[in-house]
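See structure below.
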There are 2 protein chains.
Amino acid sequence: MATGRNHRPATTRSRGIPEATVARLPLYLRALTALSERSVPTVSSEELASAAGVNSAKLRKDFSYLGSYGTRGVGYDVEYLVYQISRELGLTQDWPVVIVGIGNLGAALANYGGFASRGFRVAALIDADPSLSGKPVAGIGVQHTDELEKVVDDNGVSIGVIATPAGAAQQVCDRLVAAGITSILNFAPTVLSVPEGVDVRKVDLSIELQILAFHEQRKAGEDVPDEEDTAPPAAPPAASVTKRTDSGPDGDLPAVMPA
Amino acid sequence: MATGRNHRPATTRSRGIPEATVARLPLYLRALTALSERSVPTVSSEELASAAGVNSAKLRKDFSYLGSYGTRGVGYDVEYLVYQISRELGLTQDWPVVIVGIGNLGAALANYGGFASRGFRVAALIDADPSLSGKPVAGIGVQHTDELEKVVDDNGVSIGVIATPAGAAQQVCDRLVAAGITSILNFAPTVLSVPEGVDVRKVDLSIELQILAFHEQRKAGEDVPDEEDTAPPAAPPAASVTKRTDSGPDGDLPAVMPA
DNA sequence: ATGCCTTTGTGAACGCGTGCACAAAGATGG
DNA sequence: CCATCTTTGTGCACGCGTTCACAAAGGCAT
Ligand SMILES: NC(=O)c1ccc[n+]([C@@H]2O[C@H](COP(=O)([O-])OP(=O)(O)OC[C@H]3O[C@@H](n4cnc5c(N)ncnc54)[C@H](O)[C@@H]3O)[C@@H](O)[C@H]2O)c1
Ligand SMILES: NC(=O)c1ccc[n+]([C@@H]2O[C@H](COP(=O)([O-])OP(=O)(O)OC[C@H]3O[C@@H](n4cnc5c(N)ncnc54)[C@H](O)[C@@H]3O)[C@@H](O)[C@H]2O)c1
């Protein structure tokens, strides 16, 4: 996470923008960009918050960490705010990105135009499959894994995207880090271990679906009497690992706490 | 919610699993599944936490919301815990899912095998492009948007995935909701508005990259004593709306031009 | 200028999530 | 059966993030 660099027990406010705020800045930026394209000169916190899907008080507090860029009684200057947020996010420069693992997902990412328009440039596509080498994907030739270090070094890449199978992710990660990458976006369903100083963010679609399923189940079971303790499959602690062979025809149990 | 005293409420407890905990359950489940495949009978909170990439105290507290499924001095029974978490997440049943927008990303999702193995089944692929209709993607024929309502109804689908361009997302969302969908996973970079009772989770790759860029910039600027204010572009409040005249064919525009 | 009206910026209260630290529970060995 | 050792389950304190509510700031009309 954040590199705890505050040796000042007192106030941690200097450049300390809360992580939660940082995560919302891209949201505001997107909404502001849309307004900018419609040549809207100013917006109130209320309007912008609505467009970004957040609470206006939260938005104002978020902006307060960046400085006082608004005008009371009027709102915020769209263009100016777009610049300030872009600068804060480091988007006034282009970030070369390397994508490793050009399969279904990697190819989709390579073809995605939303990156370039937001300050990211696909510097190279890397894959271990020799039959892919040289093949153009999204107008860029796929390069073999052997080239990884060279590509990172030549282009000064600091952000890497991993879209390989889970089994290869850690290995790829290690090579990326060794090559000088300090930020990784991981799509493989694995926990990556990296040295301090390297940021990792993960995107796991299965997890998202599972979270949705949890709430979905809860909605469905809302009217079900939640007092029963339907016989679970195998017994709990006793070391007699009676593995569940099946949970019977009806796998519908109203999860409830044991008495 | 009814977050009563956590003493002995016997009534308001099973429903009160913290959202943060729910988000980690899939992580534990993944790690446990791997252990299960290696026929490991039990794990300690320390081992499992390490495998899941979290703190052991956090893991224990998370599990405590589900009940007391561990054995002191020993650890947790892997098989049993897999079942308990699966049940809690609602994965003891299969969830049919419909994917709308079979472009680069949608096709990649359709081809992804990680869904089926986690309790999700792609019930249908929907796209507005007539030329795609009938075309098989991942072994499933793409169906036209007209079929959406029928597909959702026939298969009892309650989870929908949106992978259309941003401009069509809200419209698609509305149709999904009208058709009976109550959980949506949105990949389009837009804020969706839905009626109460419908859950929306979003995955925005650009936002992830932007967050990485923020930290990356901070790392790079760590040694730069310079404070800030590197000659901003336009002046602040005064509405000197220097509208962008350029901006190529593509919609989105990158950062604002500095001085 | 002056007063009114709108909207920002933020102090303060609150709630959630995290991590520590330890007593209790249970296994294990003698 | 008792002692010891391991590991869980959780009370507690702390810090972050969210939200409320309002004084202050600034535009604008008169
Ligand atoms: N496809 C999806 O929609 C989707 C969804 C969620 C998660 N994921 C995850 O994303 C990852 C990629 O998924 P996919 O569907 O694109 O898989 P894929 O099999 O289509 O592609 C994987 C690619 O990685 C390459 N590769 C394998 N080992 C490599 C290595 N050591 N170095 C470089 N390249 C290597 C392979 O040659 C292949 O081209 C997987 O971990 C998957 O679990 C994918
Ligand atoms: N490709 C990526 O890696 C990537 C990454 C991040 C975000 N996204 C987002 O995901 C979405 C899809 O991206 P993509 O690259 O697959 O785009 P794409 O253009 O390749 O595919 C979009 C598909 O949606 C279909 N479509 C359009 N309007 C529709 C409607 N009203 N109903 C049903 N289908 C409709 C189109 O026919 C097309 O097949 C976009 O919003 C994009 O911003 C994509």
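Every chain is numbered from 1 and lettered A, B, ... according to where its sequence line falls, protein lines coming before strand lines. On a predicted model such as this, the values are computed, not experimentally measured, just so you know.
Counting to the nearest Å, the P atom of dG15(D) and the CD atom of E19(A) are 18 Å from each other. As a whole-Å value, the separation of D62(A) CG from dG17(D) P is 10 Å. Between Y65(A) atom OH and dC16(D) atom P the separation is 10 Å, expressed in whole Å. Atoms CD1 (I17(B)) and C1' (dG17(C)) sit 15 Å apart, rounded to a whole Å. Distance, K58(A) NZ to dA13(C) P: 21 Å, rounded to whole Å. If you take CG of L81(B) and C1' of dG9(D), they are 14 Å apart, rounded to a whole angstrom. Distance E46(A) CD to dG9(C) P: 14 Å, rounded to the nearest Å. One can place CG of N55(B) at 17 Å from P of dT10(D), the figure rounded to the nearest angstrom.
Among dG9(C), dG17(D), dA21(D), the nucleotide with an atom closest to any side-chain atom of P18(A) is dG17(D). Of the candidates dT7(D), dG17(C), dG9(C), the closest approach to any side-chain atom of S64(A) belongs to dG9(C). For S68(A), the listed nucleotide lying nearest its side chain is dG9(C); candidates were dC20(D), dG27(D), dG9(C).
Mapping R60(A) and G73(A) onto DNA chain D by nearest heavy atom places R60(A) at the nucleotide closer to the 5' end.
Using a 4.0 Å heavy-atom cutoff across all strands shown, Y76(B) reaches sugar-phosphate atoms only and no base atom.
Contact annotation: side chain of R72(A) to base of dT7(C), donor-acceptor pair absent below 3.5 Å.
Residues S56(A) and A49(A) approach most closely at CA-CB, 3.5 Å, considering heavy atoms. The two residues V97(A) and V161(A) make their nearest non-hydrogen contact at CG1-CG2, 3.7 Å.
Taking CG from L27(A) and NZ from K202(B), the interatomic distance works out to 5.5 Å, rounded to the nearest 0.5 Å.
Considering D62(B), V82(B), T21(B) as possible partners of Y28(B), the one that fulfils the side-chain contact (heavy atoms from CB on, under 4.5 Å) test is D62(B). The only member of Y83(A), Y80(A), F63(A), Y76(A) that meets ring pair (Phe, Tyr, Trp, His ring centres under 6.0 Å) when paired with Y69(A) is Y80(A).
Checking the phosphate oxygens (OP1, OP2) of dT8(C), a side-chain nitrogen or oxygen of S45(A) falls inside 4.0 Å. At dT10(C), none of the side-chain N or O atoms of K61(A) fall inside 4.0 Å of OP1 or OP2 (strictly under the cut-off).
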